[in-house]
Amino acid sequence: MTERLSVGRRVFTIFNYTFLVVLSLLCVVPLVHVFALSLSSNAAATAGMVKLWPVEFTLKSYEFVLNRPEFVRSLWVTIQRVAIGLPLNLLLTVLIAYPLSKESAKFKPRTAYVWFFVFTMLFHGGLIPSYMTIRSTGLLDSIWALILPGAVPVFNVVLLLNFFRGLPKELEEASFMDGAGHMRTLAQIYLPLSLPALATIALFTTVGHWNSWFDGLIYMNSPERYPLQSYLQTVIAQRDMTLASSTDLELLAEVSDRTVKAAQIFMGALPILMVYPFLQRFFMKGIVLGSVKE
């Protein structure tokens, strides 16, 4: 027997679905427009004929972008940043969250350490002191200037800490009774049970590294060392004069500043769009970090 919904409940359900559909379209439609623009011809883009479907389909903009050393070089810098930064962030997050998940009776300095990390979430030294610190440590204009300042994501530490505290204590006690130490318990008990949480944190960290652009502008002295998003910011914020200096006149006639920018923006977002579906099932479980477990 199906439950009969009240009028108010039906109105709320319709409004809720309508709101979510509109919100989803607001997120998807701009990306679809950029993708359609990148696949359109120079004339169609200049005339403003492109909406949500390519006009006079062509791949010349992508050919032009992939032949640009600036784009390829900045993409490689971002790949390096994610490849180094993601494992480092996860390692430090796990090693910090595990001891802080214990009660104060087992780890007495726990409260002091928790307040120390929380303090860094609430207060920041400022842009100039951060730049001076990076410069004085010799990290300026290197890949480590993009990785080490955010090596300990405190927000992720808090999320994983709460997830660890929600795991059954009996598992840890049984592991200790079998002769395991803390590191073996962490590796063989906590981490396998925390895969949804770790996948969620990995997704947050990957997106954070991939989309970060401001630190590249500050800590990199030469544009050749810009990560991808810093490079795209300079391309979007100012007119790309490299089009005018292109020696390939045939290719230059088929692309425009708008289509090339659209192609670069879409290619910059494509890796995250490809990774997200594989982590979504873990994300749906890990989004309730710290909630009551059955």
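Position 1 is the first residue of the sequence, and the numbers go up from there. As the structure is a prediction and not an experimental result, all values here were calculated from the model. These values consider heavy atoms only, across backbone and side chains, with no hydrogens, waters or symmetry-generated copies.
Between the side chain of Thr234 and the backbone N or O of Tyr231 there is at least one donor-acceptor pair closer than 3.5 Å. Between the side chain of Thr78 and the backbone N or O of Leu228 there is at least one donor-acceptor pair closer than 3.5 Å. A donor-acceptor pair under 3.5 Å is absent between the side-chain atoms of Trp213 and the main chain of Tyr226, judged by distance alone. Although no hydrogens or angles enter the test, the distance criterion places a donor-acceptor pair under 3.5 Å between the side chain of Asn67 and the main chain of Glu63. In this structure, the side chain of Thr200 engages the main chain of Pro196 through a donor-acceptor pair within 3.5 Å.
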List the atom pairs, donor and acceptor, that lie under 3.5 Å between side-chain atoms in residues 84-91 and the rest of the protein, sequence neighbours left out.
{"residue": "Asn89", "atom": "OD1", "partner": "His209", "partner atom": "NE2", "Å": "2.7"}
{"residue": "Asn89", "atom": "ND2", "partner": "Gly150", "partner atom": "O", "Å": "3.2"}
{"residue": "Asn89", "atom": "ND2", "partner": "Ala151", "partner atom": "O", "Å": "2.8"}

Using a 3.5 Å cut-off and no angle test, enumerate the donor-acceptor pairs between side-chain atoms of residues 187-194 and protein atoms at least two apart in sequence or in another chain.
{"residue": "Gln188", "atom": "OE1", "partner": "Arg184", "partner atom": "NE", "Å": "3.4"}
{"residue": "Tyr190", "atom": "OH", "partner": "Lys102", "partner atom": "NZ", "Å": "3.1"}
{"residue": "Ser194", "atom": "OG", "partner": "Tyr190", "partner atom": "O", "Å": "2.6"}

Donor-acceptor contacts under 3.5 Å from residues 119-130 side chains, at least two apart:
{"residue": "Thr120", "atom": "OG1", "partner": "Phe117", "partner atom": "O", "Å": "2.5"}
{"residue": "His124", "atom": "ND1", "partner": "Gly126", "partner atom": "N", "Å": "2.9"}
{"residue": "Ser130", "atom": "OG", "partner": "Gly126", "partner atom": "O", "Å": "2.7"}

Exercise answer: donor-acceptor pairs, residues 138-148 side-chain atoms, under 3.5 Å, sequence neighbours excluded:
{"residue": "Asp141", "atom": "OD1", "partner": "Asn221", "partner atom": "N", "Å": "3.0"}
{"residue": "Asp141", "atom": "OD2", "partner": "Arg225", "partner atom": "NE", "Å": "3.3"}
{"residue": "Ser142", "atom": "OG", "partner": "Leu139", "partner atom": "O", "Å": "2.6"}

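Heavy-atom neighbours of Phe176 CZ from other residues, nucleotides or ligands within 6.0 Å: above the threshold of 12.
Applying the side-chain contact (heavy atoms from CB on, under 4.5 Å) test to Glu103 and every residue at least two apart in sequence or in another chain returns Lys106, Lys169. For Pro109, the side-chain contact (heavy atoms from CB on, under 4.5 Å) criterion is met by Phe107, Tyr113, not counting sequence neighbours. For Trp76, the side-chain contact (heavy atoms from CB on, under 4.5 Å) test picks out Ile79, Gln80, with sequence neighbours left out. Evaluation of the side-chain hydrogen bond (donor to acceptor under 3.5 Å, both in side chains) rule for Ser101 yields no partner, not counting sequence neighbours.
Residues Arg10 and Thr13 form no side-chain contact, since every pair of their non-hydrogen atoms from C-beta on lies 4.5 Å or further apart. Within the 4.5 Å cutoff, the side chain of Leu31 has heavy atoms near those of the Leu273 side chain. Between Val260 and Arg68, the closest side-chain pair of non-hydrogen atoms falls below 4.5 Å. Residues Val152 and Thr93 have side chains not in contact (no heavy-atom distance under 4.5 Å, counting atoms from C-beta outward). Two residues are said to be in side-chain contact when any heavy atoms from C-beta on lie closer than 4.5 Å; Thr259 and Lys60 fail this criterion.
As a member of the Ile/Leu/Val/Met/Phe/Trp/Tyr network built from side-chain separations under 4.5 Å, Val22 groups with Leu26. Grouping Ile, Leu, Val, Met, Phe, Trp and Tyr residues whose side-chain heavy atoms lie under 4.5 Å apart, directly or via other members, places Leu52 in a hydrophobic cluster with Val21, Leu25, Val28, Val29, Val32. Through chains of ILVMFWY side-chain contacts below 4.5 Å, Val50 is grouped with Leu37, Met49, Val55. Counting Ile, Leu, Val, Met, Phe, Trp and Tyr side chains that sit under 4.5 Å apart, directly or through other members, Phe19 shares a hydrophobic cluster with Leu20, Leu23.
No chain of hydrophobic side-chain contacts below 4.5 Å, direct or via other Ile, Leu, Val, Met, Phe, Trp or Tyr residues, connects Leu232 to Val72. Grouping the Ile, Leu, Val, Met, Phe, Trp and Tyr side chains by contacts below 4.5 angstrom, directly or via other members, places Leu161 apart from Trp115. Both Leu95 and Phe163 are part of a single hydrophobic cluster, where members link through side-chain heavy atoms under 4.5 Å apart. Met132 and Met220 are not part of a single hydrophobic cluster, where members link through side-chain heavy atoms under 4.5 Å apart. Linking ILVMFWY residues whenever their side-chain heavy atoms come closer than 4.5 Å, directly or via other members, leaves Trp53 and Ile265 in distinct clusters.
The minimum heavy-atom distance between Gly268 and Trp210, with the atom names listed, is O-NE1, 2.5 Å. The two residues Ser40 and Thr58 come nearest to each other via the heavy atoms O-CG2, 3.4 Å. Taking every heavy atom of both residues into account, Glu172 and Tyr98 meet most closely at OE2-OH, 3.6 Å. Nearest heavy atom pair, residue Gly216 against residue Ser230, reads CA-OG, 3.4 Å. Shortest non-hydrogen contact noted between Pro227 and Ser212 is CG-O, 4.5 Å. Closest non-hydrogen pair, Ser61 versus Ala263, comes out as CB-CB, 4.0 Å.
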>> Working note: Thr206 + Leu203, criterion side chain to side chain contact (heavy atoms under 4.5 Å, CB included); need CA distance, chi angles, decisive distance, verdict.
In response: CA-CA 5 Å; Thr206 302; Leu203 178 62; 5.6 Å; no
>> Does Leu160 form a side chain to side chain contact (heavy atoms under 4.5 Å, CB included) with Leu198? I'd like the steps, not just the answer.
In response: CA-CA 8 Å; Leu160 192 59; Leu198 294 175; 4.1 Å; yes
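Expressed to the nearest 0.5 Å, how far CD of Glu170 lies from OG of Ser175 amounts to 13.0 Å. Separating the CG atom in Leu167 from the CZ atom in Arg165 is a distance of 12.0 Å, to the nearest 0.5 Å. Atom-to-atom distance recorded for Leu159:CG and Ile201:CD1 is 5.5 Å, nearest 0.5 angstrom. Atom CZ in Arg9 sits 8.5 Å away from atom CG in Asn16 (nearest 0.5 Å). With rounding to the nearest 0.5 Å, the separation of CD in Gln264 from CG in Leu66 is 10.0 Å. Interatomic distance, CD of Gln229 versus CG of Leu75, reported as 10.0 Å (0.5 Å rounding).
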